[in-house]
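Per chain, numbering begins at 1; letters A, B, ... match sequence-line order.
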Amino acid sequence: MPEELPRPHFRILYFASAASFTRKPSDTFPAPMPITDLFGVLERQYPGITKAVLDSCAVTVNLEYVDVEEAKAVIDVGDEVAIIPPRGRIGLPSSEARVTERRLRARRVEGETGMEEAEDIG
Amino acid sequence: MASPAEAPKIATIQNDSVAPKMPNPHYRQQEESISVALTHDILDPLSIMAEVKSPKAGAIVLFAGTTRDNFDGKPVTHLEYTSYPPRALQTMISIARSVKAKHSLTAICMIHRLGVVPISEESILIAVSAPHRHAAWRGGEEALEECKEKAEVWKLEEFGGEEGGVWRANRDGAKGVRYDGGPEEG
């Protein structure tokens, strides 16, 4: 394969604290990639990012919230992935924030807004 | 005073600066009686009220969130909001639909400002209309709380001096993350 050909890739967007850590708004990585590999790839590129940022973040693929521990999910060529830092949840111990984020994420995956169950955890 | 029908739509709000400038990106999603938007422009309370006005509604509640000059006593020079616009619009319209249905609102409109917002200017406006005031009060409050909690909009507080900025959860009282990504001291 000629070297000039662009490699198949996906784009990942960083916001707020994630962008501060990476010091850039986005990256591209080779695709396809199992979603479960994503945080490992980011940690190799940006040592320390998992503990400092990712543990409390959610992830979207093509605007939909996904579970990064969902074994079957794969990021495809051309997908837009985003690291979504917490909005109302910064300041919690990271383990608690992570559990909370995961719960919210699960609700989002199910297509609910979780309005009635919204908890005041700030 | 312009009648509601003649009031400018939010999409056309412009700064009244004389110098021509590049148009700032403006994001908007709407459906019947619901409108959500993100803009870099100055927010206009009258036009958002005009959007929700209706002969069926006896009450309009307008909330204006303005930027404060301090956080826990520390002076804040300005705030900056950043967003993932297409995702934030989806979240905001989902909140608007839910709140409108739950409180039987006549109409709801939410707009969040992005970029640098000087102290004491509005960063968010929420207007809801309802046949009666109780539904409007409750619906407006719930829409605001949900928006601050869930919309993919982040707030950077710039303290000035050596401390630099802090990414703040877009919610009162929550601790932030320093701009360099480390945890905030204290």
Hphob cluster co-occupancy, B:Val76 + B:Val116, side-chain heavy atoms under 4.5 angstrom: no
Distance (rounded to the nearest 0.5 Å) between A:Leu13 CG and B:Arg87 CZ: 13.5 Å
Heavy-atom pair with the smallest gap, counting every atom of B:Trp154 and A:Pro86: NE1-O, 3.4 Å
Connected via hydrophobic side-chain network under 4.5 Å: A:Leu38 and A:Val77: no
Minimum side-chain heavy-atom gap A:Arg87-B:Glu149 below 4.5 Å: no
Joint hydrophobic cluster, A:Val74 plus A:Leu42, side-chain heavy atoms closer than 4.5 Å: no
Residue B:Glu31 excluded, over 12 heavy atoms near CD under 6.0 Å: yes
Residue A:Leu63 versus chain B: region with a heavy atom under 4.5 Å: both
Inter-residue atom distance B:Gln90.CD - A:Tyr65.OH, 0.5 Å rounding: 9.5 Å
